[in-house]
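In the text below, chain A, chain B and the rest are named by the order of the sequence lines, each starting its count at 1. Here the structure is a predicted model, which means the values were calculated and not measured.
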There are 2 protein chains.
Amino acid sequence: MDLAVIEKAANAIADKHRLSIIMEVVKKGKLICGDVCEFTCLSQPTVSHHVKILVDSGVLNSSKNGRIVELTLNKEMMKQLSMFFLQLS
Amino acid sequence: MDLAVIEKAANAIADKHRLSIIMEVVKKGKLICGDVCEFTCLSQPTVSHHVKILVDSGVLNSSKNGRIVELTLNKEMMKQLSMFFLQLS
DNA sequence: TCCATAAATTTAAAAACTTCAATGTATTTA
DNA sequence: TAAATACATTGAAGTTTTTAAATTTATGGA
């Protein structure tokens with residue numbers, strides 16, 4: 001397991017707003033960026049910034065449909081994280 | 001599962017030096033702060049700072065033997081993290 | 001008691017992060 | 001084609017984090 005991957009994912013998760021975005025994606029299955037602006041009460045550029053960190057780290061997947069970006073959870077990354085911490089426990 | 005606990009643990013893990021401290025604790029079973037100064041090449045105050053974050057977050061346990069602080073992994077926290085990510089995967 | 005050792009705290013500087021207004025880009029629709 | 005929509009990027013301000021020198025605290029040994 002690559003520690004740089006763990007570090008980057010942990011960093012993405014280690015923020016109140018980003019963690020709430022993750023949990024909302026889990027709850028709804030998928031989100032668009034506009035949804036995130038609404039339920040976080042953050043500005044659109046700020047949301048764009050946080051979403052970028054989540055996607056770059058591999059925690060969230062994004063796919064563009066026209067001008068809409070759809071966010072989903074990267075379950076493969078969740079599996080990797082789960083296994084990493086399982087090995088340490 | 002309390003998200004604030006996850007956020008704090010993720011924050012503790014989301015640093016190159018702190019992650020390497022964790023992995024060294026895993027490897028050796030236990031460490032004292034002085035060991036950490038050596039293998040990280042960080043100053044004693046900096047190590048003290050990082051260790052504090054790791055212990056406060058619940059990622060590491062610490063116990064004081066005289067003037068020596070012994071650090072061990074909090075396996076219960078590792079289990080909690082593993083379960084959290086397992087539920088998301 | 002006095003000195004050495006282990007770690008914590010204080011303080012300050014530099015780097016990184018968070019945030020949003022303004023602006024830019026791409027795409028859809030009227 | 002022009003306007004509207006969804007998101008990205010830039011730039012700047014404020015905040016937090018990282019780091020280490022200097023100092024302090026606590027403990028062990030001579």
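Side-chain nitrogen and oxygen atoms of B/Ser48 include none within less than 4.0 Å of the OP1 or OP2 phosphate oxygen of C/dA7. Side-chain nitrogen and oxygen atoms of B/Arg18 include at least one within less than 4.0 Å of the OP1 or OP2 phosphate oxygen of D/dT18. Proximity of A/Ser43 to the phosphate of C/dC20: a side-chain N or O atom is located under 4.0 Å from OP1 or OP2.
Rounded to an integer number of Å, the gap from B/Arg67 CZ to D/dT27 P is 11 Å. Following rounding to the nearest Å, A/Asp56 (CG) and C/dC17 (C1') show an atom-to-atom distance of 15 Å. Going from atom NZ of B/Lys30 over to atom C1' of C/dA6 covers 17 Å, rounded to whole Å. Per the geometry, CG belonging to B/Asn11 stands 11 Å off C1' belonging to D/dT16, to the nearest Å. In this structure, A/Ile21 places its CD1 atom 13 Å from C1' of C/dT19, rounding to the nearest Å. Residue A/Lys64 contributes atom NZ, which lies 6 Å from atom P of D/dA8 at whole-angstrom precision. Rounded to a whole Å, the CG atom of A/Leu54 is 15 Å from the P atom of D/dC7. In this structure, NZ of B/Lys16 is placed 19 Å from P of D/dT17, rounded to the nearest angstrom.
Here the CD1 atom belonging to B/Ile32 is positioned 4.5 Å from the CG atom belonging to B/Asp35, to the nearest 0.5 angstrom. For the atom pair CG of B/Leu3 and CE of A/Met23, the computed distance is 5.0 Å after rounding to the nearest 0.5 Å. Distance CG/A/Asn74 to OG/B/Ser89: 10.5 Å, rounded to 0.5 Å. Atom CG of residue B/Asn11 and atom CD1 of residue B/Ile53 lie 6.5 Å apart, to the nearest 0.5 angstrom. Note that SG of B/Cys33 and NZ of B/Lys64 are 9.0 Å apart. Values are rounded to the nearest 0.5 Å.
Using a 4.5 Å cut-off between side-chain heavy atoms of Ile, Leu, Val, Met, Phe, Trp and Tyr, with links allowed through other members, B/Ile6 and B/Met83 fall into different hydrophobic clusters.
DNA chain C is contacted by both A/Pro45 and A/Asn65; A/Pro45 maps to the nucleotide lying nearer its 5′ end (nearest heavy atom per residue). Residue whose closest nucleotide on DNA chain D sits further toward the 5' end, between A/His49 and A/Ile68: A/Ile68. With DNA chain C read from its 5' end, the first of the two nearest nucleotides for B/Cys33 and A/Val47 is the one closest to B/Cys33.
Looking at heavy-atom distances under 4.0 Å, A/Leu71 makes no contact with the nucleic acid at all.
Checked against D/dT19, C/dA6, C/dT18, the side chain of B/Thr46 finds its nearest nucleotide in D/dT19. Checked against D/dT27, D/dT5, C/dT18, the side chain of A/His50 finds its nearest nucleotide in C/dT18. Of the candidates D/dA4, D/dT27, D/dT18, D/dT18 carries the atom nearest the B/Asp15 side chain, counting heavy atoms from C-beta on. Comparing C/dA7, C/dT18, C/dT28 by their closest approach to the side chain of B/Ile32 singles out C/dA7. For B/Val69, the side-chain atoms get nearest to C/dA7 when compared with the rest of C/dT28, C/dA7, D/dT18.
Residue side chain A/Gln44 does not reach the base of D/dA6 through any donor-acceptor N/O pair under 3.5 Å, judged by distance alone.
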